[in-house]
**Student:** 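Dropping a structure here in structure tokens format, bear with me for questions.
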Amino acid sequence: MERLTFPESFAWGASTAAYQIEGGWDADGKGLNVWDTFTHQGGDRVYKNQTGDVACGSYTLWEEDLKCIKQLGLTHYRFSLSWSRLLPDGTTGFINQKGVDYYNKLIDSLLAMNVTPLVTLYHFDMPQAIEDQGGWNSEKTVEFFEQYAKFCYSTFGDRVKMWITINEPHIVAQLSYEQGLFAPGKSEPGYGAYRSAHNMIKGHAKAWHAYNTHFKEKQKGYVSIALDSDWAEPLDPSSSDDKEACKRYLHFRLHWFANPIFIDGDYPSGMKIKISEKSIEEGLTTSRLPEFTDEEKTMIKGTADFFCLNYYTTRNVKRLSNQSGPSFKSDLEAEGVKDPEWPISGIEWLAVVPWGLRRLLAYIKEQFGDPDIYITENGFAQSDPPLLQDTHRWGYFQETLAEVWKAIRQDGVKVKGYFAWSLLDNFEWTSGYGARFGLFHVDFNQPNLPRTPYFSAFEYAKVVKGNELIYK
């Protein structure tokens, strides 16, 4: 048995997102967002046609959430603001005071419990009124997002000192605007992902500069963006094709956003060359990947005060060619596959690979200037119905936390905190309530939506309390 002690002042947290937990979809003047629209259209796009209309009921049951946070003894809590709850049409033309009051109560209560809020401005739930004007496909949204960010800083920034602008822009670009699997369900292969990502990067940079210029001196906070990435290994380590494909896999996933923000204000050169070549083959005169101007590159470079990583799984990567028609997948020419030896946690894509996180952390240290890193999401699902005695799942958490410890102590990675996804079982996007990621079980069949700790919650609380993992 080993005692793995974490650095002093290590941040121990759990994460949630507004649409996934709040419910109250039309309560007290909240405006529609794209997930309200998407789920209400039905058509089996979501598991059992479920919606987030009620979810965990956290809009009214927020004090129950605070009890869960207190029981875990967390030092930090990550949640997101519902843009359309605060600004029903997405603009500051009308401010919904009831929405402001809700988040004020939550923030003030967290601080009274000595819990630091880490607040995400946008976690997939674009106001429908902004989406109707193009959403992330439109340059106009860059401006809307900057104004929304300024509103949030001026309203809550006297108390919130850690901000995330956008959660997982890669997922939004791919699933919402390229494949159309997530709200708003726009499918535009070969174009949608790149255009939406281009605007998200600019929106993020503008929001960072807004804080840096107008708020930082007085509020003394920090702003970043949450990037998701798998770790990747070549399927056949002796194959140069697979090794190149593996490199592309990371470039089209992590570097797509991290290069502009952390390195030089621009996309990785390999990505630019590959998409340009493909575009020319298709008879186009310009690349389907938009270009940043020199002025934009200067604006984007260096717009993160720390590195936020969401990690869930790893893939073995092989070269994939002969994809027909323009698409992100065709440009990538790579496919990630699961090793049959890896256990699967509750949802088919989630292969449990704790060592992948350690390797990814070391890679980020090496590639992106040795930044302070917060693991802003990591977790494991159970399928429904879940086991309250989730000992197998706690085993996955233990193995993962041991790898984080090794990254810190043996590899010198500056990991400053770990946030479990999620505090509560919640609406897991197109998986609905069929994938249970919570440290607390939520009984969605009971009107009072009671929260009950899983075995994992009790064990995580011990880690937090001792700032150490007792590892068998």
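We use all heavy atoms of the structure for the numbers below, so side chains are in, but hydrogens, waters and symmetry mates are not. Everything quoted here is computed from the prediction, not taken from an experiment. This chain uses plain numbering: 1 for the first residue, then up along the sequence.
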**Student:** Kindly state each residue pair satisfying salt bridge (charged side-chain N to carboxylate O under 4.0 Å, His left out) with at least one member in residues 83-93, sequence neighbours excluded.
**Tutor:**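 The answer is Glu22-Arg85.
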**Student:** Tell me which pairs pass salt bridge (charged side-chain N to carboxylate O under 4.0 Å, His left out) where either residue lies in residues 36-51, with sequence neighbours left out.
**Tutor:**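 Checked against salt bridge (charged side-chain N to carboxylate O under 4.0 Å, His left out) - neighbours excluded - the pairs reaching residues 36-51 are Lys30-Asp36.
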**Student:** Which residues pass the ring-ring contact (aromatic ring centres under 6.0 Å, His included) test with Tyr122, sequence neighbours left out?
**Tutor:**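 ring-ring contact (aromatic ring centres under 6.0 Å, His included) list for Tyr122, sorted by chain: Trp136.
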**Student:** Suppose we screen for side-chain contact (heavy atoms from CB on, under 4.5 Å). Which residues come up paired with Tyr222, at least two apart in sequence or across chains?
**Tutor:** Lys216, Asp305, Phe306
**Student:** Holding to ring-ring contact (aromatic ring centres under 6.0 Å, His included), I want the full list of residues that pass it with Tyr77, two or more places apart in sequence or in another chain.
**Tutor:**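 Phe79.
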**Student:** Going by heavy atoms in the side chains, are Leu357 and Ile375 under 4.5 Å from each other?
**Tutor:** yes
**Student:** Got a sec, which residues hit side-chain contact (heavy atoms from CB on, under 4.5 Å) with Gln179, two or more places apart in sequence or on another chain?
**Tutor:** Gln174, Leu175, Leu181
**Student:** With side-chain hydrogen bond (donor to acceptor under 3.5 Å, both in side chains) as the criterion, how do Arg253 and His170 come out once you've worked through the C-alpha distance, each side chain's angles and the decisive distance to 0.1 Å?
**Tutor:** CA-CA 7 Å; Arg253 179 84 179 243; His170 160 262; 3.3 Å; yes
**Student:** Report the residues that fulfil ring-ring contact (aromatic ring centres under 6.0 Å, His included) with His251, sequence neighbours left out, ordered by chain and then residue number.
**Tutor:** His255
**Student:** Please identify each residue that fulfils ring-ring contact (aromatic ring centres under 6.0 Å, His included) with Tyr418, with sequence neighbours left out.
**Tutor:** none
**Student:** Who are the side-chain contact (heavy atoms from CB on, under 4.5 Å) partners of Ser287, not counting sequence neighbours?
**Tutor:** Ile275, Ser276, Ser279, Leu289
**Student:** Which residues pass the salt bridge (Lys or Arg N to Asp or Glu O under 4.0 Å) test with Arg288, not counting sequence neighbours?
**Tutor:** Glu282, Asp331
**Student:** Test side-chain hydrogen bond (donor to acceptor under 3.5 Å, both in side chains) on Trp421 and Glu428 and set out the steps.
**Tutor:** CA-CA 11 Å; Trp421 183 270; Glu428 267 310 321; 2.8 Å; yes
**Student:** So Asn167 and Asn310, side-chain hydrogen bond (donor to acceptor under 3.5 Å, both in side chains) or not? Walk me through it.
**Tutor:** CA-CA 9 Å; Asn167 182 71; Asn310 295 357; 3.1 Å; yes
**Student:** Provide the full list of salt bridge (charged side-chain N to carboxylate O under 4.0 Å, His left out) pairs with a residue in residues 371-380, sequence neighbours left out, each pair given once.
**Tutor:** Arg78-Glu377
**Student:** Under the side-chain contact (heavy atoms from CB on, under 4.5 Å) test, which residues partner His209, sequence neighbours left out?
**Tutor:** Met299, Thr303
